[in-house]
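Structure first, commentary second.
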Amino acid sequence: MHSGAEKTLIKMENINKIYKGVQPVHALKDINLTIRKGEFLTIVGPSGSGKSTMMHVLGLLDTPTSGKLHYIGQETSKWNEKQKAEFRNKEIGFIFQAHLLLPEFTALENVLMPYYISRKTNSKMKDRAKEILMLVGLSDKLYSKPPQLSGGQNQRVAIARALMNNPSVVFADEPTGALDQQTSADIYNLFRKINSEENMTFIIVTHERNLAQKADRIIEIVDGKIIRDEIMSSYN
Ligand SMILES: Nc1ncnc2c1ncn2[C@@H]1O[C@H](COP(=O)(O)OP(=O)(O)O)[C@@H](O)[C@H]1O
Ligand SMILES: [Mg+2]
């Protein structure tokens with residue numbers, strides 16, 4: 001294991017998620033999982049197997065029906081919505097396929113948008129945003145707007161935005177699903193670079209097997225259950 005990967009960050013204990021309704025769906029079935037700080041983990045599995053549900057539960061965006069989710073030793077079911085939101089804002093970065101950038105605003109403004117909204121923008125924040133945009137390889141696109149950027153460049157803006165608050169963990173749900181192969185590979189390499197340089201934990205859902213193979217660890221979910229949990233030897 002590379003440095004920093006030894007400390008437990010997240011622990012799922014007998015997690016179940018049932019979507020109630022006329023036809024209830026048992027989307028996660030007795031999931032037990034420990035994720036260490038600094039890990040680079042991919043989640044694979046067929047469509048409808050529970051990957052996004054897992055991300056939502058892990059990211060405190062949805063609550064499990066039963067079981068326990070621990071973050072850094074703390075049991076999160078005791079947290080109220082405000083505490084969860086605070087924790088998410090401080091510790092978690094989200095990257096989704098539909099990058100939800102505002103087309104009228106520049107790359108720099110898009111990265112700063114959460115801070116504009118919460119009225120916390122200052123010159124330090126702007127410096128941080130520029131630094132992050134540089135890290136993702138967009139130092140020459142600070143003032144470009146999404147329609148002037150390629151799909152891969154826009155995804156980099158979304159990545160920069162997710163990294164602004166220096167989260168301990170980044171969740172990405174099929175972040176390269178809409179991108180061509182080369183751009184996907186570039187984004188992956190960027191994730192790996194940030195993972196090793198900033199020691200951020202990455203948890204990535206992907207359909208792309210060849211990209212999943214580049215992780216430290218692959219988890220495969222089928223029908224709401226973990227059927228494979230493999231540590232890749234090349235990163236041991
Ligand atoms: N909000 C929801 N309400 C009801 N059922 C849902 C909801 N979200 C997902 N599901 C169902 O839960 C199962 C797992 O879905 P999901 O986690 O999105 O799978 P994946 O991301 O692997 O494609 C599927 O059967 C899906 O239809
Ligand atoms: Mg999904």
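All values derive from a computational prediction rather than experimental measurement. We count ligands from 1, going down the list as the structure has it; atoms in each ligand are counted the same way. Values below: all heavy atoms of this structure, side chains included; hydrogens, waters and symmetry mates excluded.
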Indicate the atoms forming the closest heavy-atom contact of F191 with P175, along with that distance. CE1-CG, 3.9 Å
Report yes if the side chains of Y71 and E91 come closer than 4.5 Å at any heavy-atom pair, otherwise no. no
Which value, rounded to the nearest 0.5 Å, describes the distance between E208 atom CD and Q213 atom CD? 12.5 Å
Residue by residue, ordered by chain and number, which ones reach under 4.0 Å of ligand 1 with a heavy atom? Y19, V25, A27, P46, S47, G48, S49, G50, K51, S52, T53
Specify the closest pair of heavy atoms between K84 and T76, including all atoms of both residues, with the distance to one decimal. CE-O, 4.0 Å
Is there a path of hydrophobic side-chain contacts, each under 4.5 Å between heavy atoms, that joins L142 and M134? no
Strictly under 2.8 Å, is any N, O or S atom of S52 next to the Mg ion (ligand 2)? yes
Looking at P167 and M200, what are the two nearest heavy atoms and their distance? O-CG, 3.2 Å
